[in-house]
Amino acid sequence: MAYDPKNYNKLITKILNRVKHGNTAAMTELFDKTYNHFCGIALVKIWDKSKAEDAVMSMYENIMKYIESFDAKKGGVGWMFTILSRIIYNLNAEEQAVKQYEQPIIDNNSLDDINLMYETIGLSDFVSELDDEDRKMVFMLYFERRTLSEIADILRLSTSAVHKRKQQILKKLKS
């Protein structure tokens with residue numbers, strides 16, 4: 001049987017309407033009819049199966065919580081999609097906030113470790129002529145293998161400023 005979005009939306013709308021009016025068995029039917037569909041949508045937006053499944057389960061919790069706001073005239077699939085989209089948006093925003101604080105920032109105490117590493121590989125003479133900030137950048141670029149945008153986030157600079165500074169450092173090292 002071919003997938004028909006119009007009939008699918010009508011079916012889901014009817015099931016949600018039954019849930020709204022107190023039919024608890026309809027919630028199981030809703031889960032059975034929509035779980036794979038919404039897991040697929042979430043997986044496309046999150047790219048992590050476990051997190052996608054968590055988002056879909058949160059969607060069902062929110063359906064039960066906000067079922068009174070459901071309007072059968074507007075369609076059930078769209079309403080569920082809106083709930084899922086908000087959950088995914090919030091999940092991604094929280095993840096970005098966490099990543100912001102996960103970046104290791106090199107403090108002045110670790111400069112001795114950086115200098116020792118340069119000495120070990122024979123670059124200390126060249127790198128020692130650089131200032132502390134430039135040494136940190138060289139470390140992040142070539143030892144931590146960070147991208148320019150990651151370094152820009154850590155140093156709170158624009159990516160173009162980091163690129164320009166990298167070019168200046170390379171020019172100093174070559175001369």
inquiry  = Using every non-hydrogen atom in the two residues, find where Ala55 and Ile88 come nearest and quote the distance to one decimal.
reply    = CB-CG1, 4.2 Å
Name of the residue among Arg165, Gln168, Lys166 meeting side chain to side chain donor-acceptor pair (under 3.5 Å) with Asp134 = Arg165
request  = Could you grab the distance from atom OH of Tyr66 to atom NZ of Lys20, nearest 0.5 Å is fine?
outcome  = 15.5 Å
query = Is it true that a side-chain atom of Asn90 and a backbone atom of Arg86 form a donor plus acceptor pair closer than 3.5 Å?
reply = yes
remark   = Rounding to 0.5 Å, atoms CG (Asn17) and CD1 (Ile12) come to a distance of 12.5 Å
task = Name the orientation class of the two ring planes belonging to Tyr8 and His37 (parallel below 30°, tilted from 30 to 60°, perpendicular beyond 60°).
result = tilted
task = For the residue pair Trp79 and Ile63, establish whether any side-chain heavy-atom pair is separated by less than 4.5 Å.
result = yes
query = Which pair of heavy atoms, one from Leu16 and one from Ile67, lies closest together, and at what distance?
reply = O-CD1, 3.8 Å
query = Quick one: do Ile15 and Tyr60 end up in the same hydrophobic cluster if we chain Ile, Leu, Val, Met, Phe, Trp and Tyr together by side-chain heavy atoms under 4.5 Å apart?
reply = yes
Met80 vs Leu30 side-chain heavy atoms within contact, under 4.5 Å = yes
query = With a 4.5 Å heavy-atom cut-off, do Met59 and Val56 have their side chains touching?
reply = yes
request  = Considering only NZ, NE, NH1 and NH2 on the basic side and carboxylate oxygens on the acidic side, decide whether Asp132 and Arg135 come within less than 4.0 Å.
outcome  = yes
Distance (rounded to the nearest 0.5 Å) between Met57 CE and Phe31 CZ = 5.0 Å
message = Rounded to the nearest 0.5 Å, what separates atom SG in Cys39 from atom NZ in Lys49?
response = 8.0 Å
task = Go through the steps for Met64 and Val19 under the test side chain to side chain contact (heavy atoms under 4.5 Å, CB included), then give the verdict.
result = CA-CA 8 Å; Met64 293 306 296; Val19 170; 4.1 Å; yes
Verify same cluster id: Tyr89, Phe81 (apolar side-chain graph, 4.5 Å) = no
key: Heavy-atom side-chain contact between Met27 and Arg18 under 4.5 Å   = no
key: Test item: Ser158 and His163 side chains (from C-beta on) under 4.5 Å apart, heavy atoms   = no
message = Once rounded to the nearest 0.5 Å, what's the spacing between atom CE of Met140 and atom OG1 of Thr147?
response = 11.0 Å
request  = State whether the side chain of Gln167 and the backbone N or O of Lys164 hold a donor-acceptor pair below 3.5 Å, judged by distance alone.
outcome  = no
task = Go through the steps to decide whether Phe70 and Thr13 satisfy the test side chain to side chain contact (heavy atoms under 4.5 Å, CB included), and finish with yes or no.
result = CA-CA 9 Å; Phe70 173 66; Thr13 302; 3.9 Å; yes
ask   = What distance separates Leu84 CG from Ile87 CD1, expressed to the nearest 0.5 Å?
value = 6.0 Å
